[in-house]
Amino acid sequence: MNRTTKKGHRMQEPSVQEANPVNYKETLNLPQTAFKMKAGAATREVEIEAHWEEHQVYETMLAASDKAHAFVLHDGPPYLSSDKIHIGTALNKILKDIVTRYKSQQGFYTPYVPGYDGHGLPIENAVVKNIKGGRHVITETELRKRCREFALANLKGQEVNFKRLGIWGDWAHPYISIDAEFEATQIRVFGEIYDKGFVYKGLKPVYWCPSCETALADAEVEYADHVSHSIYVKFPIVQFPGAGKGEEALNVEEMDKRVPLLDGASFVIWTTTPWTLPANLALAIHAAFVYVVIETADHGKLIVAEDLLETFVSTIGLELAQVNVLGKFCGTELALIKTRHPFIDRESPVLLGEHVTLDAGTGVVHTAPGHGMEDYLVVQEYNRKEPVFQETPIEILSPVDNAGKFTDEARVPELLGVFYSKGNEIVLQILQDRGALIQSSKFSHSYPHCWRCQNPVIYRATEQWFIDINQFRADALAAIDTVNWLPERGRNRIFSMVEGRGDWCLSRQRVWGVPIPIFYYQDTREVLITPEIIAHLYERFKVHSSDLWWEETPEQLLAGLPEALKQQYGIGQRLLEKEMDIMDVWFDSGITHTAVVKARQDELGDLPVAMYLEGSDQHRGWFQSSLLTSVMLYGKAPYQNVMTHGFVLDESGRKMSKSLGNVVDPNTVIREYGADVLRLWVASVDYTNDVRIGKGTLHQMAEIYKKVRNTVRFILGNLYDFDPAQHRVPYAQLSTLDRYSLHRLQHILGNITEAFEKWEFYRYCHEIQYLCMADLSALYFDVTKDILYSDAPNAPRRRAVQTVLYEFLSTILPVLVPVTPHLAEDIWLSLPEAQRMCTNGQSSVSAALLPWPQPNPEHVHPALVQSFDTLLSIKETVNQALEVPRSEGHIGKSLQAQVTLVTQDADKFALLQQTGEDELATLFVTSGVTVAQQAPQLDASQWHTRLESNGIQVIATPASFPECARCWKYEPTVGQTAGHPLLCARCSEAVKAH
RNA sequence: GGGCCAUUAGCUCAGUUGGCUAGAGCGCACCCCUGAUAAGGGUGAGGUCCCGUGUUCGAGUCACGGAUGGCCCA
């Protein structure tokens with residue numbers, strides 16, 4: 001190969017060049033490796049995954065580790081409503097995989113069983129959407145069959161995606177909440193919880209979607225703008241409470257004096273849902289508010305809160321001056337007055353409630369316990385403690401059916417069969433006709449909608465099965481504090497949620513799920529559920545799945561029970577019905593600690609498992625449902641550590657949405673960059689907060705990946721003739737730079753290990769990056785290249801450098817495994833057997849089996865850091881000084897210059913002397929270094945630059961010796977060896993060795 | 001509307017209990033090398049530490065208020 005045209009500075013010895021055509025390049029030890037510079041991730045990563053599968057690497061790992069020393073990360077099941085995965089799911093799975101792989105390398109037994117959540121409304125809806133003619137043209141059994149097929153098909157799709165991310169786990173045996181055994185366990189768990197008395201049947205308002213005809217969990221409700229009515233309605237007073245029936249503070253004499261004031265007066269309520277008025281059974285006011293009685297021309301005497309008087313008056317189109325304030329009452333004074341319902345022959349008592357506010361309205365709240373949570377709670381309280389209502393409790397009335405249509409319970413003939421929202425206008429008309437309507441308008445506000453069909457939802461009291469949280473709330477809260485929450489603030493988050501949450505409504509009026517395993521006697525509506533029946537159902541479901549509930553009659557379901565029990569329960573004599581509600585899907589996933597972990601105890605060990613790791617939204621979801629069920633069953637939390645991550649936003653910090661077009665698809669990323677680049681992104685961001693991703697971010701990750709790859713490639717290329725068993729050089733024989741580099745390696749390994757122990761992967765990324773860029777590429781490689789290439793292959797200092805390189809490789813390779821397992825494997829597979837750093841007969845089949853590197857105290861040498869900090873800062877000054885002649889065209893590479901270092905600083909001078917001029921020249925990659933205490937005389941005919949920094953003067957001048965044709969250094973020994981007129985002494989020797 | 005969290009260079013992150021001129025790597029610009037080559041080396045330019053007020057000799061750091069974004073709730 002011919003050298004390209006030289007620049008002016010090379011023209012110093014043109015005759016020598018032309019005189020000798022020998023191609024010395026052939027005699028150099030240039031890097032040789034099959035490890036490719038380009039990853040070719042799209043194909044190579046797939047090959048590597050095939051390699052893992054073929055050699056059962058995951059299974060090998062498990063088999064080799066000690067089950068007694070376990071770290072079990074229990075997978076939270078993604079929902080099978082789609083066969084695609086989101087970037088957020090990718091983030092989640094990759095984090096889990098990094099954790100698992102790291103712990104495995106640390107010697108833990110780390111089984112990972114991927115899971116899937118296969119029941120639930122979204123799946124059912126997706127399937128129903130594809131049924132021509134709607135859901136009722138097929139049987140429920142058929143619908144369930146299709147749901148199952150749909151879920152399983154999606155599982156296949158998601159699984160392919162997960163595996164392609166390089167996620168390690170028991171893919172042959174995942175858990176699915178629709179497995180017969182899982183479902184059977186769920187039946188058993190329900191029975192156990194029922195038996196312990198946590199389950200009750202209640203009438204309670206819940207979010208209800210009339211179009212989906214189902215109750216909704218809080219999490220299934222989304223808020224969106226909605227135009228509602230805003231109406232003010234009169235409730236005339238009909239009766240005052242008898243003496244002694246009111247609040248204790250009530251002064252009867254005082255009351256009597258004031259009563260005439262109230263005679264003929266009406267409370268004014270404000271509501272945004274006129275259609276709930278047929279269900280009105282009370283009014284609520286606040287004990288501490290002041291209420292005024294006013295006289296109006298059009299509406300007579302009205303009662304509203306004083307603080308809201310002004311807004312109320314202006315709303316009904318009056319001036320404050322036009323109304324006459326007749327008197328004032330404290331809220332407590334008005335309690336238990338009875339008012340008349342505006343259009344139903346019924347009384348509505350006035351109750352006191354803390355939920356009444358002065359934000360809007362009149363300070364008098366229309367109370368329909370069947371249509372509002374707070375209404376329900378205040379009524380329950382009065383029914384419990386107020387003697388009047390203990391005798392005749394206020395009813396929980398909810399006169400609309402599943403489809404949102406009024407029933408005859410509304411006691412309004414015009415409304416019968418009318419959809420609730422249509423009822424608004426009818427109610428308005430009735431109020432108008434009765435003269436009860438003071439004012440009506442419309443306004444837009446935030447209102448709950450069904451997350452599935454996007455229609456407005458209502459509150460509706462229905463019969464449902466509940467879990468009574470109060471029975472174990474304290475235990476649940478105590479269990480929270482036994483858990484290590486990562487980040488710490490997660491503790492407060494879930495604590496306040498559990499502290500304040502209401503009862504858990506288990507019932508869902510759907511078919512795609514696990515049935516609530518309860519029978520009713522048709523005659524009495526009594527409930528039939530016993531441990532024997534549960535045990536029987538458990539056995540049968542285990543074989544036939546929960547489909548059985550839809551396929552068999554109660555008698556068939558219970559046919560296998562012992563005759564004695566049948567007799568006892570009256571089976572065959574009294575007709576039975578099945579409960580046809582299914583369980584909330586959060587209950588399904590909430591019991592994976594039992595249906596998965598305990599069921600596979602041999603493999604997964606006992607509860608609590610080491611870690612749950614999900615997005616921070618799961619404080620309300622899976623973390624909570626798992627905690628609650630586990631506390632009910634076992635009295636303790638199911639996990640020791642709960643790690644959470646934030647959400648994935650776009651590059652500018654905005655939520656991803658199809659409409660904004662800023663969605664990042666993990667498969668697109670993989671196609672363009674490969675899974676390891678995506679994994680590197682996961683490791684690089686602070687996942688404890690929300691994280692960002694976009695084109696720029698990914699490009700940067702790709703750059704880092706390439707840098708790491710090329711750094712390793714350089715090492716591999718220069719170890720082609722190195723056998724650690726034969727050529728390793730003892731530490732004592734290494735140069736100071738070698739030892740400094742090994743110290744740096746130890747330092748960085750320490751930082752990396754610490755980062756992993758604290759789960760701070762982004763710190764790991766910075767360390768790896770810095771190691772490759774600064775310590776290796778820019779320093780160690782740059783400086784030692786000359787030795788590696790030009791020394792004789794067996795030269796001791798070359799072997800020393802190789803020893804150091806091998807040390808770096810041995811440390812970096814295992815450390816790359818958790819984050820970039822494909823890259824690590826690619827490196828591993830290109831290593832010759834002799835360089836595979838397996839100890840004690842480990843399998844050499846995969847890099848993933850390499851243990852995490854142990855610190856090597858022998859390589860720790862802090863004193864070297866001090867001296868090298870100084871030397872490297874001088875190198876920086878030298879570089880700056882060399883920029884001047886370079887920019888002026890005098891030199892190109894630094895070897896074309898030599899430098900003189902002048903210092904009067906005794907310590908620095910000593911350090912330079914001790915280091916030695918040759919060593920300094922090597923470190924600075926210049927041709928010669930002179931250390932002096934006084935500035936030398938300079939040859940005015942040549943270029944020179946001077947730069948002073950930190951008490952050291954750097955003087956750069958042209959290299960003063962001929963260039964060696966082989967190593968390109970400017971050396972005094974060039975031409976001194978017979979037969980090699982163009983070579984320096986070292987190269988002459990090296991050439992002989994070749 | 002309420003609660004929690006975040007905001008340091010174009011990007012990803014450092015910045016101890018308040019204390020030198022706010023750092024690193026990448027990216028960018030310019031230069032060099034052509035024996036790591038769709039590589040490699042060097043130099044350099046980038047910051048209203050989200051904004052405001054306060055506490056203090058001194059605030060990226062502490063307090064209060066606000067903005068923007070996110071999560072949860074109503």
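Chain letters run A, B, ... following the sequence lines, proteins first, then strands; residues in each count from 1.
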Within the 4.0 Å heavy-atom criterion, would you say [X] contacts the bases, only the backbone, or no part of the nucleic acid?
X: A:E876; answer: sugar-phosphate
X: A:F714; answer: base
X: A:I704; answer: nothing
X: A:K655; answer: sugar-phosphate
X: A:Q700; answer: base
X: A:M497; answer: sugar-phosphate
X: A:G717; answer: nothing
X: A:S684; answer: sugar-phosphate
X: A:S777; answer: base
X: A:R501; answer: nothing

List in chain and number order the residues that pass side-chain hydrogen bond (donor to acceptor under 3.5 Å, both in side chains) with A:E754, two or more places apart in sequence or in another chain; answer none if no residue qualifies. A:K758
Phosphate-side-chain proximity, [X] and [N], N/O vs OP1/OP2 below 4.0 Å:
X: A:Q880; N: B:G44; value: yes
X: A:R489; N: B:C4; value: no
X: A:R886; N: B:G42; value: no
X: A:Y789; N: B:A36; value: yes

Out of [options], which nucleotide sits closest to the side chain of [X]?
X: A:D686; options: B:C13, B:C26, B:A36; result: B:C13
X: A:T697; options: B:U37, B:A36, B:U12; result: B:U12
X: A:A778; options: B:G42, B:U37, B:A24; result: B:G42
X: A:L649; options: B:G41, B:G69, B:A39; result: B:G69
X: A:N710; options: B:A39, B:C26, B:U34; result: B:A39
X: A:R763; options: B:A14, B:U37, B:G41; result: B:A14
X: A:K707; options: B:A38, B:G40, B:C5; result: B:G40
X: A:S790; options: B:G35, B:C13, B:G25; result: B:G35
X: A:K785; options: B:C73, B:A36, B:U43; result: B:A36
X: A:R493; options: B:C5, B:C71, B:A14; result: B:C71

Which value, in whole Å, describes the distance between the [atom1] atoms of nucleotides [N] and [M]?
N: B:C57; M: B:C71; atom1: C1'; value: 42 Å
N: B:A36; M: B:G23; atom1: P; value: 34 Å
N: B:C50; M: B:G10; atom1: P; value: 13 Å
N: B:C13; M: B:C73; atom1: P; value: 26 Å
N: B:U7; M: B:U61; atom1: C1'; value: 14 Å
N: B:G25; M: B:C62; atom1: C1'; value: 31 Å

Under 3.5 Å on both distances, the Watson-Crick or G-U partner of [N]:
N: B:U12; answer: B:A24
N: B:A63; answer: B:U53
N: B:C30; answer: B:G42
N: B:A36; answer: none
N: B:C4; answer: B:G70

Is there a stack between A:Y770 and B:A24, judged by ring centres under 5.5 Å and planes under 30°? no
Would you check if the side chain of A:R713 reaches a backbone N or O of A:F35 as a donor-acceptor pair within less than 3.5 Å?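 Yes, because the side chain of A:R713 sits within donor-acceptor range (under 3.5 Å) of the backbone of A:F35.
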For A:N710 and A:M37, indicate whether the former's side chain and the latter's backbone hold a donor-acceptor pair under 3.5 Å. no
Mind telling me if B:G46 is syn or anti? Syn here is a glycosidic angle within 90° of 0.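 With its glycosidic angle within 90° of zero, B:G46 counts as syn.
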Please determine whether any donor N or O and acceptor N or O are separated by less than 3.5 Å between the side chain of A:T711 and the base of B:A36. no
Quickly, which of A:I827, A:I752, A:L776, A:L749 forms a side chain to side chain contact (heavy atoms under 4.5 Å, CB included) with A:I812? Name it, please. A:L776
A:W943 side chain to A:T957 side chain, donor-acceptor N/O pair below 3.5 angstrom: no
Test A:Y459 against every option in A:Y207, A:W208, A:Y376 by the ring pair (Phe, Tyr, Trp, His ring centres under 6.0 Å) rule and name the one that passes. A:Y207
Would you verify whether the NZ or CZ of A:R744 falls within 45 degrees of the ring axis of A:Y780 while also being under 6.0 Å from that six-membered ring's centre?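 Negative - A:R744 is either too far from the ring of A:Y780 or too far off its axis.
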